[in-house]
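The sequence lines fix the lettering, A, B, ..., with proteins before strands; numbering per chain opens at 1. Because only heavy atoms are used, hydrogens play no part in the values below, and waters and symmetry mates are left out as well, while side chains stay in.
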Amino acid sequence: MVENIIFVYTIASDLLQEHTRNNRAAELLSARSEEAFSALYDSYSPALYGVIHRILRSEVLAEEALQDSFIKIWKNATSYDPSKGRPFTWMLQIARNTAIDYTRTARFQQNRKTDSIDSLVYDDESQSVNPEIQDSGLRNVIQKLDEKYRTLIELVYFKGYTQSDIEKELNIPLGTVKTRLRKAVLELRDLLRGESPGLLSVILLVIAMLIALIN
Amino acid sequence: MDIRQYIESGILEQYVLGQLDQNQQAEVERMAREHPEIRQELNSIEAALESYVQAYAKTPPAGVKANVMDEVRNDLSAGSGSGGGFLKYFLLAASFVILAGLLWYVYSQNRLVTEQNEELQIQLDTAEARLNQLTEDCEEINRRYTALTAPGTRSILMAGTDLSPDSRALVFYNAEHRNSYLSGVTLPAPPSGSQYQLWAIVDGQPVDMGVIPIEVDPTAFIDIPYVENAQAFAVTLERAGGSPTPTLDHMYVLGQI
């Protein structure tokens, strides 16, 4: 019984956290204080570093790009508009753009002359095996994503490919790129939904708490 | 536009993935503002991709944070940080003090200037009054000088009669310019209710030339009516305001031309 309550509670609190996390990130961004930014760094640097590292695949370059990204986040925090999107997405966009800018430098080009899509998509394990990933469940979900969708997201997200780049690279028409991108995200959402709790869980939590109270 | 169709088009995914140009981005943002379901869809897409990215999370080397926080601290102390805060407040306080001092200085200067101004105004008024007096005096002197130096002017001394041997007065008579003046009036003070009156004698007949002011100074130079063919002048004591005919036994001075 107690285990059930704990289980349901954990799921529901995740859901709640997801809501408050956004507000908290927005607050930390707008606070303009050392403490707030330090907290923001602690919360989001692993995710941003993960993205940057995945794009640049060099410790040295990724470190520099991460540093640049957080300095940009600090300097541009006042221009973040919560009505345009979630704070994490906004920060990710800065990190991605910074890293993609790095890929255009001579230093990156030297390292990556022989880079290919295959290596990008299929060297997942070798590149990302990382004892520090807390959420192995999330990784499993990503692995379940249809390979063609994963390729697409990876190209767009981690290589900064434009649609016409993809059209050339994968040899699929522009219209198809667009719809496939939507399907990719939809499938991702479906997979994640299976992982994360819905309204039912909240109802379950209330029931669980009631039971706990009665007991 | 059909919202469902708009969502299905995949443009929102492109937006979140940073695939749109500025105009298209602004369009999506506008649509999201107008339609909550689009905002909701964007949120879901963002959440999905955030989760995707979270799968690759990797703890960065510790040195990076130190560098970032150094930059943040620099930025804060250069701008509105705690270090700069003191300076900011100090400068703010200092500027208030300076401003207050400046205001006090301006106020006291203004008061001083106002006082000086009032004093100067008084001096100016005094000087102006004095100038007016001098101008009047000068005009008076000029009037007398012109009258006395005119070649046709004759001076007739009216000497005291037996009634008052010490009395006298002068008449200046100019037949060319047809004007005459009374001056140097030296007569006993008239008893109350009476007044001296001046007469001209024409062919043995007295002609009224008006009364002499009761309080008259010997230095006064009085305009008197011109009487043609006057042969003599006399002053008699009459009742206040004058008489139509002279009381001859009250004649004080008399002078022949």
Enquirer: Heavy-atom distances under 4.5 Å only: say whether B:Gln25 touches chain A with side chain, backbone, both or neither.
Expert: neither
Enquirer: Give, as side chain, backbone, both or neither, the part of B:Leu12 having an atom under 4.5 angstrom from any heavy atom of chain A.
Expert: neither
Enquirer: By a 4.5 Å heavy-atom criterion (distance strictly below it), what part of A:Phe88 contacts chain B: side chain, backbone, both, or neither?
Expert: both
Enquirer: By a 4.5 Å heavy-atom criterion (distance strictly below it), what part of A:Lys183 contacts chain B: side chain, backbone, both, or neither?
Expert: neither
Enquirer: What are the residues of residues 146-153 of chain B, in order of number, with any heavy atom under 4.5 angstrom from a heavy atom of chain A?
Expert: none
Enquirer: Given a strict heavy-atom distance threshold of 4.5 Å, which part of A:Thr89 is in contact with chain B: side chain, backbone, both, or neither?
Expert: both
Enquirer: What do the steps show when you test A:Phe158 against B:Tyr56 for ring pair (Phe, Tyr, Trp, His ring centres under 6.0 Å), and what is the final call?
Expert: CA-CA 11 Å; A:Phe158 296 120; B:Tyr56 294 101; 5.4 Å; yes
Enquirer: Measure from the side-chain N and O atoms of A:Thr162 to the backbone N and O of A:Asp165, and report whether any donor-acceptor pair falls under 3.5 Å.
Expert: yes
Enquirer: Check B:Glu139 with B:Arg143, please: is the shortest side-chain N to carboxylate O separation under 4.0 Å?
Expert: no
Enquirer: Mind ranking B:Arg33, B:Glu46, B:Arg73 by heavy-atom pairs under 4.5 Å with chain A and telling me who comes out on top?
Expert: B:Glu46
Enquirer: For B:Ile11 and A:Arg182: C-alpha separation, side-chain torsions, deciding distance, then whether side-chain contact (heavy atoms from CB on, under 4.5 Å) applies.
Expert: CA-CA 8 Å; B:Ile11 192 166; A:Arg182 164 137 184 97; over 6 Å; no
Enquirer: So which part of A:Glu59 gets closer than 4.5 Å to some heavy atom of chain B, the side chain, the backbone, both or neither?
Expert: side chain
Enquirer: Output the option from A:Leu145, A:Leu66, A:Leu186 having the highest count of non-hydrogen pairs under 4.5 Å with chain B.
Expert: A:Leu66
Enquirer: Return the CD1 to CG distance between A:Ile73 and A:Asp68, rounded to the nearest 0.5 Å.
Expert: 11.0 Å
Enquirer: Is B:Glu41 salt-bridged to A:Arg189, going by a charged N under 4.0 Å from an acidic O?
Expert: yes
Enquirer: Check each atom of B:Val16 against the heavy atoms of chain A and say whether the ones under 4.5 Å are side chain, backbone, both or neither.
Expert: both
Enquirer: Against B:Tyr181, only a single residue in B:Phe172, B:Phe221, B:Tyr173 fulfils ring pair (Phe, Tyr, Trp, His ring centres under 6.0 Å); can you say which?
Expert: B:Phe221
Enquirer: Can you tell which part of B:Leu17 gets under 4.5 Å to a heavy atom of chain A, answering side chain, backbone, both or neither?
Expert: both
Enquirer: Between B:Lys65, B:Glu29, B:Met69, which has the largest tally of heavy atom pairs under 4.5 Å with chain A?
Expert: B:Lys65
Enquirer: What part of A:Leu181 is in contact with chain B, defined as an atom under 4.5 angstrom from a non-hydrogen atom: side chain, backbone, both or neither?
Expert: both
Enquirer: Top residue by heavy-atom pair count (under 4.5 Å) with chain B, among A:Arg32, A:Lys75, A:Glu34?
Expert: A:Glu34
Enquirer: Evaluate the side-chain contact (heavy atoms from CB on, under 4.5 Å) criterion for residues B:Val216 and B:Tyr196: first the C-alpha distance (whole Å), next the side-chain angles of each, then the deciding distance (0.1 Å), finally the verdict.
Expert: CA-CA 10 Å; B:Val216 68; B:Tyr196 292 110; over 6 Å; no
Enquirer: Go through the side-chain N and O atoms of B:Gln14 and A:Gln163 and say whether any donor and acceptor fall under 3.5 Å apart.
Expert: yes
Enquirer: Are A:Phe70 and A:Tyr44 an aromatic pair, judged by ring center distance below 6.0 Å?
Expert: no
Enquirer: Is it the backbone or the side chain of B:Arg39 that comes under 4.5 Å from a heavy atom of chain A, or both, or neither?
Expert: side chain
Enquirer: Is there a donor-acceptor contact under 3.5 Å from the side chain of A:Thr179 to the main chain of B:Gly10?
Expert: no
Enquirer: Where on A:Gln67 is there a heavy atom nearer than 4.5 Å to chain B: the side chain, the backbone, both, or neither?
Expert: both
Enquirer: What distance do A:Leu61 atom CG and A:Thr105 atom OG1 have between them, rounded to the nearest 0.5 Å?
Expert: 6.0 Å
Enquirer: Using atom types as modelled and distance alone, determine if a side-chain donor or acceptor of B:Thr186 lies under 3.5 Å from a backbone N or O of B:Gly184.
Expert: yes
